[in-house]
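All values derive from a computational prediction rather than experimental measurement. In what follows, chains carry the letters A, B, and so on, assigned in the order in which the sequence lines appear, proteins first and then strands, with residues in each chain numbered from 1.
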Amino acid sequence: MAVTISLPDGSKKEFPSEPSVLDVAKSIGPRLAKDTLGAVIDNEKDIIDLRSKIKNGTSIKIVTVKDKVSLEVIRHSAAHVMAQAVQELWPKVKVTIGPVIENGFFYDFDSPHAFTPEDLEKIEKKMQEICKKDYAVTREEWQVDEAIQTFEKMGEKYKVELIAELKNKGEKTVSIYHQGPWFDLCRGPHVQHLGQIPVMKVLSLAGAYWRGDEKREQLQRIYATAFLNEADLKKHLHELEEAKKRDHRRLGKDLGLFIFHHLAPGSPFFTPNGTVIYNELQRFLRDKYQEHNYQEVITPQIFDIDLFHQSGHYENYRENMYFSKIEERDFGCKPMNCPGHCLLYGSDHRSYRDLPWRVADFGRLHRYERSGVMHGLTRVRSFSQDDAHIFCALEQLQAEIEGFMQFLNEVYTTLGMTKYHVYLSTRPPKRMGSDEVWDKAEAALEKALKQLNIEYTVNIGDGAFYGPKLDIMFVDAINRPWQLGTLQCDFNLPQAFSLKYVGDDNAEHAPVMLHRAILGSFERFIGVYLEHTAGHLPFWLSPIQVRVLNVTDRQLDYSAHLEKELKALGIRAYLDGRNEKLGYKIREAQLLKVPYMLVIGDKEKDTDTISVRLSSGEMVNNLKKSDFFEMLEKEYRLRSLKSLIKPKQGEKV
RNA sequence: GCCCACAUAGCACAGGGGUAGUGCACACCCUUGGUAAGGGUGAGGUCGUGAGUUCAAGUCUCACUGUGGGCUCCA
């Protein structure tokens with residue numbers, strides 16, 4: 001039966017029977033066929049293998065070595081090359097899986113030999129040797145039982161497990177890719193011959209569990225990458241270096257913002273400079289709470305564990321909590337503010353006129369995180385959130401969700417965080433409350449998002465144990481996603497605490513409780529924001545806003561006076577009056593990313609004017625002191641992202 | 001918690017069985033210099049903690065703690 005295939009230029013080609021991708025390419029031209037690595041059919045996302053048969057009526061776009069998307073094919077094959085290399089070097093190693101990931105690929109091995117960093121170089125060399133042999137990559141279809149037998153004989157138990165699973169799913173055959181003497185179970189796609197893999201680089205070593213299950217075998221994962229050319233690889237490695245420079249742990253040290261100590265693992269100490277950032281953020285949120293009709297409260301740190309039995313935290317969250325026994329009584333340190341807020345709500349009669357009742361709490365929380373998961377400021381054991389709970393009537397839910405998204409947007413805009421995405425997480429397996437209640441809560445969130453026309457993605461089973469939630473993923477300056485804000489809908493806690501309000505019908509009703517945070521934790525946020533800004537904080541968040549630099553001792557008194565004047569305006573200005581050259585002082589201030597450096601020489605002193613150097617390196621001279629002060633005050637008050645002091649066109653010293 | 005690696009001065013690192021080094025930072029002195037490092041002198045470490053091997057341990061072995069890269073987890 002004749003088969004018709006359409007090409008991207010609109011033309012159609014006929015074949016006597018179903019052709020492979022490569023057949024189609026050959027029919028167009030030998031050059032194209034030579035470079036073919038796969039194809040995209042019917043505008044689908046995934047690339048199909050060049051050996052796949054094409055059905056009648058399909059539209060096809062051939063992917064060649066020149067297309068960036070072919071990286072997926074190249075990396076897939078490179079993963080096989082890595083597995084072959086490893087097995088040639090260490091024949092006892094068992095292979096598992098080796099998928100393509102963003103920017104590269106990895107392969108997980110079960111190896112009696114623990115790989116060392118030196119081994120990585122050996123592996124890379126071996127991979128290059130294998131590629132030089134330029135084996136043709138061929139595909140065979142094997143009967144599942146035949147495949148199981150073959151891999152069993154080889155002792156490849158992981159492959160056997162995978163194939164047995166495919167068999168259970170009803171697969172009759174599996175595809176096997178050969179390259180020279182080596183072969184592997186694989187769905188593809190793969191290159192025609194190994195010489196088509198341009199450049200490879202083995203990157204790092206890690207541990208991983210078989211099938212991602214911590215109860216199963218611990219495997220050794222080797223990360224690597226492949227690119228179309230040396231330049232692209234170099235660019236990628238450069239980007240990795242650049243990302244390292246933004247590492248907030250590095251910046252925290254360099255800028256003197258926070259430290260860690262082995263006697264308080266996972267618990268940051270904020271230095272005076274770091275504390276400025278912390279407090280400025282808190283002040284910002286307090287201002288916003290005022291605007292959005294929230295009230296701040298202060299609640300206890302340590303509670304009788306009866307509270308956590310009542311809230312369900314003991315049953316669901318115990319392994320992450322700190323406990324102590326004092327005078328034969330069991331206490332727990334709060335991991336969240338919500339149970340305390342429920343007690344506060346329940347301490348008085350509430351009327352529908354009091355709702356929505358929005359309570360904010362900067363209380364310190366402690367969560368016992370497993371030792372291997374801590375990471376700088378982004379995963380800690382002691383932290384404080386911009387946490388608030390909204391108790392409202394069911395009918396008010398939608399408006400509150402809307403108000404929250406508005407609030408969040410204002411905060412993110414001020415901070416220059418314009419890219420974020422919303423995720424809706426639904427009921428997890430381990431949870432409290434009836435399915436009926438969960439239905440209601442999930443529906444409410446979804447409805448609100450739709451009404452607001454907010455795009456979102458559903459994460460099935462990712463909700464909190466007490467309710468579904470919205471997670472706001474902020475995407476930073478180098479496109480990494482971070483979970484910061486959250487809005488959690490909770491029908492369970494109000495029930496657990498028998499919370500009520502009296503409605504206009506004079507009957508008692510249960511309020512809905514919303515848990516919400518915009519920055520998430522201050523610790524985590526500061527970490528993320530440092531990486532986002534690469535340490536270049538806006539003026540209002542800068543620990544040192546202005547550094548006054550005298551050129552010689554002659555201007556020391558005048559400079560000290562200027563420092564005093566700025567401080568009187570509430571500006572964090574500091575004099576660097578040391579006996580050092582100006583260039584040296586500039587360099588230091590520059591490394592500390594101080595927004596404004598005031599250079600005070602005889603000229604400025606005699607004319608009472610300001611010469612300022614911005615952290616960008618730009619300079620503005622002969623500013624009237626009062627004008628400068630006014631701009632600083634304004635920039636601070638408005639929490640401006642950009643400097644209000646603009647160099648005049650063409651002006652340079 | 002799991003796998004692997006690392007731990008030497010405030011920071012960044014070198015050293016590798018015979019009693020500790022460099023650069024920056026710090027202190028003092030000289031220098032008073034106009035936009036990213038002027039010069040000199042000095043102080044600072046029981047080499048993460050605890051055991052073991054050895055005549056001798058920062059160095060070798062083990063355990064623990066912390067940190068890092070991942071995995072798992074992340075309300």
Side-chain angles (χ1 to χ4, degrees), chain A residues 106 108-111 114-117 119-120 203-223 247 249-250 253-254 256 259-266 311-313 316-317 319-321 335-338 365 367-376 378-380 385 387 425 428 430-432 462-469 471 483 486 488 490 493 515 517 520-521 524 549-556 578-592 597-604 611-615 617-619 621 652-653:
Chain A
F106 65 77
D108 285 348
F109 300 100
D110 185 359
S111 167
F115 299 126
T116 65
D119 290 341
L120 298 186
L203 295 172
S204 61
L205 209 52
Y209 298 103
W210 171 234
R211 319 225 84 177
D213 182 346
E214 64 176 319
K215 293 194 180 63
R216 301 208 54 182
E217 293 88 337
Q218 173 91 40
L219 307 171
Q220 295 186 63
R221 175 170 297 178
I222 301 177
Y223 284 95
D247 189 320
R249 294 167 300 184
R250 179 77 260 145
K253 261 182 196 161
D254 291 347
I259 60 138
F260 286 91
H261 194 278
H262 66 273
L263 294 178
S311 68
H313 284 85
N316 292 283
Y317 204 67
E319 56 274 24
N320 286 44
M321 287 176 62
M336 305 178 196
N337 290 311
C338 25
L365 307 177
R367 299 182 186 178
Y368 182 80
E369 299 287 358
R370 298 211 281 172
S371 57
V373 307
M374 267 108 66
H375 180 92
T378 57
R379 190 80 179 271
V380 291
Q385 298 177 313
D387 191 15
S425 300
K430 194 177 172 185
R431 59 177 182 264
M432 61 186 294
D462 222 22
F465 68 82
Y466 46 74
K469 58 177 185 171
D471 284 326
Q483 199 227 301
T486 182
Q488 299 164 9
D490 188 349
L493 269 188
H515 309 245
S521 86
R524 182 179 167 77
L549 310 173
N550 56 317
V551 179
T552 74
D553 286 350
R554 283 194 302 281
Q555 305 91 26
L556 196 55
R578 290 175 305 171
N579 173 13
E580 294 289 353
K581 284 199 168 161
L582 181 62
Y584 181 86
K585 293 187 190 185
I586 296 265
R587 180 181 148 81
E588 264 197 10
Q590 198 74 52
L591 290 174
L592 288 172
M597 291 157 252
L598 305 192
V599 175
I600 307 300
D602 285 334
K603 213 176 2 170
E604 288 76 16
S611 288
V612 59
R613 181 194 162 102
L614 315 189
S615 58
E618 292 165 307
M619 293 160 224
N621 296 323
K652 279 271 170 192
V653 179

Looking only at the side chain of A:Ile586 (C-beta and beyond, no hydrogens), which of the listed nucleotides B:G69, B:G33, B:U35 gets closest? B:U35
Just how far, in rounded Å, is P of B:C73 from CD of A:Glu369? 13 Å
Given atom CD of A:Glu618 and atom P of B:A36, what is their separation to the nearest angstrom? 14 Å
Taking any heavy-atom pair under 4.0 Å as a contact, classify A:Tyr223: base, sugar-phosphate, or nothing. sugar-phosphate
Is any side-chain nitrogen or oxygen of A:Arg216 closer than 4.0 Å to OP1 or OP2 of B:C71? no
Roughly, in whole Å, what's the span from CD1 in A:Ile259 to C1' in B:G66? 13 Å
With sugar-phosphate meaning primed atoms plus P, OP1 and OP2, does A:Asp213 contact a base, only sugar-phosphate, or nothing at under 4.0 Å between heavy atoms? nothing
What contact category does A:Glu604 fall into here, base, sugar-phosphate, or nothing, at under 4.0 angstrom with non-hydrogen atoms? base
How would you label the contact of A:Gly601 with the nucleic acid (heavy atoms, under 4.0 Å): base, sugar-phosphate, or nothing? base
At under 4.0 Å between heavy atoms, which parts of nucleotides 37-51 of chain B does protein reach? Answer with one letter per nucleotide, 5' to 3': B base, S sugar-phosphate only, - none. BS-------------
Atom CZ of A:Arg370 and atom P of B:C71 are separated, to the nearest Å, by 13 Å
For the side chain of A:Lys585 and the backbone of A:Arg578, is there at least one donor-acceptor N/O pair under 3.5 Å apart? yes
With sugar-phosphate meaning primed atoms plus P, OP1 and OP2, does A:Gln488 contact a base, only sugar-phosphate, or nothing at under 4.0 Å between heavy atoms? sugar-phosphate
Which nucleotide in B:G70, B:G34, B:G1 has an atom nearest any side-chain atom of A:Arg221: B:G70
State which of B:C3, B:U32, B:U72 makes the closest approach to the side chain of A:Gln218. B:C3
Touch check for A:Gly376, heavy atoms < 4.0 angstrom, all strands: base, sugar-phosphate only, or nothing? sugar-phosphate
Closest of B:C11, B:G69, B:U35 to the A:Val599 side chain is B:U35
Across the strands shown, which category fits A:Ala206 at heavy-atom distances under 4.0 angstrom: base, sugar-phosphate, nothing? base
With a 4.0 Å cut-off on heavy atoms, is A:Arg578 in touch with a base, just the backbone sugar-phosphate, or nothing at all? sugar-phosphate
Glycosidic conformation of B:G58, taking syn as within 90° of 0 and anti otherwise: syn
Once you apply a heavy-atom cut-off of 4.0 Å, does A:Gly520 come out as touching a base, just sugar-phosphate, or nothing? nothing
Counting side-chain heavy atoms from C-beta on, which of B:C11, B:G33, B:G34 comes nearest to A:Leu582? B:G34
Are there any protein N/O atoms within less than 3.5 Å of an N/O atom in nucleotides 4-10 of chain B, and if so, which ones and at what distance?
none

Mind checking A:Asp254 for me? I need base, sugar-phosphate or nothing, with any heavy atom below 4.0 Å counting as a touch. nothing
B:C71 P sits how many Å from A:Tyr209 OH, rounded? 11 Å
Expressed in whole Å, how much space separates the C1' atoms belonging to B:A25 and B:C11? 7 Å
Side-chain N,O (A:Lys215) to OP1/OP2 (B:C2) below 4.0 Å: no
When the distance from CG of A:Leu591 to C1' of B:U35 is rounded to whole Å, what number comes out? 14 Å
Answer yes if the side chains of A:Gln590 and A:Arg613 hold a donor-acceptor pair under 3.5 Å, and no otherwise. yes
Please confirm whether the shortest side-chain N or O distance from A:Arg249 to OP1 or OP2 of B:G69 is below 4.0 Å. yes
With rounding to the closest Å, how many angstrom separate the P atoms on B:A43 and B:G23? 15 Å
What would the secondary structure line of RNA chain B be in dot-bracket form, counting Watson-Crick and G-U wobble pairs under 3.5 Å, with [ ] for pairs that cross earlier ones and | for pairs with another strand? (((((((..((((....[..)))).(((((.......))))).....(((((..]....))))))))))))....
Select base, sugar-phosphate, or nothing to describe what A:Arg379 touches, counting heavy atoms under 4.0 Å on all strands. base
A:Lys585 has an atom NZ; how far is it from atom P of B:A36, in whole Å? 15 Å
Determine the contact category for A:His375: base if any of its heavy atoms lies under 4.0 Å from a base atom, sugar-phosphate if only primed atoms, P, OP1 or OP2 are that close, otherwise nothing. sugar-phosphate
